[in-house]
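Here the structure comes first, spelled out in structure tokens, and everything after it is commentary.
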Protein chains: 2
Amino acid sequence: MGTAPGPVMPVAPGRATIPGTRRPRDAERTRAQLLAVATGRFARNGYATTTVRDIADDAGVNVALISRYFTSKEGLFEACLAEAVTEVRRDSDDTPLDRIAAALAHKIAGPDREDRLPERFLLLLRSSGDQHAEDMRLGVLRTISERMASAAAGHDDGSALLRAQIVLSAALGIILMRGSLGLQPLAGATEQDLAAPLADLVNALCAKDRTS
Amino acid sequence: MGTAPGPVMPVAPGRATIPGTRRPRDAERTRAQLLAVATGRFARNGYATTTVRDIADDAGVNVALISRYFTSKEGLFEACLAEAVTEVRRDSDDTPLDRIAAALAHKIAGPDREDRLPERFLLLLRSSGDQHAEDMRLGVLRTISERMASAAAGHDDGSALLRAQIVLSAALGIILMRGSLGLQPLAGATEQDLAAPLADLVNALCAKDRTS
DNA sequence: CGCATAAGTCAGCGGGTGTTTACTAGTAGT
DNA sequence: ACTACTAGTAAACACCCGCTGACTTATGCG
């Protein structure tokens with residue numbers, strides 16, 4: 001469905017490498033490339049839609065290498081998810097409340113991100129049906145929301161965690177809208193554009209002193 | 001043709017129909033049932049994951065009826081989406097600003113919803129890859145956010161629409177978290193639990209008079 | 001060099017998917 | 001009661017997917 005260039009395909013399959021030059025034998029490198037390509041495709045198009053042939057072609061390697069390095073498509077997905085989880089976890093270490101909004105804006109729309117963090121957040125919303133993967137993404141979402149709740153620390157009633165999860169939902173919803181839907185003007189908003197609204201949002205939901 | 005005289009009657013492969021009784025001949029009814037089941041499955045598990053046989057079995061009818069009534073799986077998806085779009089559009093008619101939050105809370109977590117609105121919102125986030133469907137969901141999201149922006153009508157700078165879209169993103173993010181992820185305590189929050197936080201959220205993002 | 005081993009390729013297999021075609025069986029009109 | 005028509009069924013087809021086992025080629029080491 002998605003990719004047009006399916007048929008025809010002469011004997012040399014869709015290799016990204018130049019036909020004359022051979023792919024250098026670097027297992028580590030191709031493994032990493034497979035992971036990167038797969039993360040992008042899984043995050044953007046979902047698990048079931050993405051085929052292993054798409055990934056392999058995009059990475060310029062043979063399909064069999066996926067099974068070799070990650071045992072299966074699900075294994076590859078779990079590897080992507082694991083990487084995303086560690087990356088996301090590290091990035092959400094200990095942010096004080098008054099900087100959460102700015103940090104969110106930066107993560108969502110920061111210019112020229114090399115860590116591809118929005119992609120990784122998006123991946124947390126994708127499901128492969130596998131239980132282990134399910135546990136991982138639920139775990140990291142729980143961790144993040146708990147950290148945010150403790151950073152906020154307002155609301156002596158039990159609603160702090162709930163409110164933090166709402167903020168998290170908002171952030172992920174925004175990423176989804178930008179990355180998968182392309183709803184303008186949200187999709188084209190810069191980090192500066194998002195800073196003020198997000199500050200209002202975080203403040204209203206997590207600040208100690210509220211009106212209502 | 002002396003082929004296998006006994007139809008044997010494999011007694012209702014699905015489960016919706018009682019083995020003994022035959023499905024009554026009601027095209028309208030089965031069509032509606034297919035649509036309802038498909039909407040639920042598409043919204044919950046996504047387009048690619050859901051198989052037409054799952055849908056048919058769940059509705060208690062034969063698979064071929066999907067092609068008959070909706071020409072194809074994509075046609076069925078578009079029909080579900082169209083229904084969801086009209087339902088969502090009607091439900092977001094003209095809500096004054098001060099009631100948006102309550103309305104959202106009711107739509108997200110209202111008790112015993114017969115219109116299955118959360119499901120329909122969730123469907124708006126699912127993609128089949130078809131361009132026509134893509135246009136539909138983008139259109140309805142645009143409409144809703146514009147209505148919300150005009151209801152708010154604050155922010156003489158051009159950020160009203162952006163802020164409305166952030167509110168919408170938050171709502172959809174929450175629905176996604178509840179319906180697809182099951183993140184507690186958000187997933188189990190009642191309408192009352194959500195009312196106050198959502199009021200804060202809407203107020204902070206859309207109210208005319210803000211501090212910062 | 002010669003060879004063992006790892007990196008990468010190729011072609012094909014089961015299995016599941018969406019769709020179609022031929023068929024059965026209720027139902028309404030005359 | 002006969003017939004035309006439509007709702008519903010069953011089985012198969014063609015295709016694409018994930019995966020595998022045998023093969024080829026480059027690199028490291030004596």
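So that the names make sense, note that chain A is the first sequence line, chain B the second, and so on, each numbered from 1. All values reported here derive from a predicted model rather than from experimental measurement.
- Within 6.0 Å of the CZ atom in Arg99(A), the count of heavy atoms belonging to other residues, nucleotides or ligands does not exceed 12.
- Across all strands, Thr49(B) comes closer than 4.0 Å to no nucleic acid atom at all (heavy-atom distances).
- For Val61(A), the side-chain atoms get nearest to dT9(C) when compared with the rest of dT25(D), dT9(C), dT19(C).
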Inset, instruction - Take Leu194(A) and Leu186(A), measure what side-chain contact (heavy atoms from CB on, under 4.5 Å) needs, and give me the verdict at the end. - result: CA-CA 9 Å; Leu194(A) 291 176; Leu186(A) 181 56; 4.0 Å; yes

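- When heavy atoms are screened at a 4.0 angstrom cut-off, Val63(B) is found touching base atoms of the nucleic acid.
- A cation-pi contact, defined as under 6.0 Å to the ring centre and within 45° of the axis, links Lys73(B) to Tyr47(B).
- In this structure, Asn62(A) places its CG atom 10 Å from C1' of dA11(C), rounding to the nearest Å.
- The minimum heavy-atom distance between Glu191(B) and Gly110(B), with the atom names listed, is OE1-CA, 3.7 Å.
- Between Ser72(B) and Arg68(B), the residue anchored closer to the 5' end of DNA chain C is Ser72(B), taking for each the nucleotide with the nearest heavy atom.
- Proximity of Tyr69(B) to the phosphate of dA7(D): no side-chain N or O atom is located under 4.0 Å from OP1 or OP2.
- The side chain of Arg25(A) approaches dA6(C) more closely than any other nucleotide in the set dT27(C), dT20(C), dA6(C).
- We find that Arg163(A) and Asp200(B) are joined by a salt bridge, their nearest charged nitrogen and carboxylate oxygen being less than 4.0 Å apart.
- Between Ile66(B) atom CD1 and dA7(D) atom P there is a gap of 16 Å when expressed in whole angstrom units.
- Regarding Leu76(A), its CG atom lies at a distance of 12 Å from the C1' atom of dG18(D), rounded to whole Å.
- Looking at which nucleotide of DNA chain D each of Ala64(A) and Ala48(A) is closest to, the 5′-most match is held by Ala48(A).
- Using a 4.0 Å cut-off between charged side-chain N and carboxylate O, Asp91(A) and Arg120(A) make no salt bridge.
- In this structure, NZ of Lys73(A) is placed 8 Å from P of dC19(D), rounded to the nearest angstrom.
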Within the sub-3.5 Å range, which N or O atoms of nucleotides 13-16 of chain D have a protein N or O partner, and how far apart are they?
none

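- One interatomic measurement links the two molecules: CG of Leu65(A) to C1' of dG18(D), which rounds to 15 Å at whole-angstrom precision.
- In this structure, Asp57(A) places its CG atom 14 Å from C1' of dG8(C), rounding to the nearest Å.
- One atom, CG of Leu34(B), and another, P of dT19(C), lie 13 Å apart when rounded to the nearest Å.
- Looking at every heavy atom in both residues, Ala189(B) comes nearest to Ala109(B) through O-CB, 3.9 Å.
- Residue Thr30(A) places none of its side-chain N or O atoms closer than 4.0 Å to OP1 or OP2 of dA7(C).
- To the nearest angstrom, C1' of dT6(D) lies 13 Å from CG of Asp26(B).
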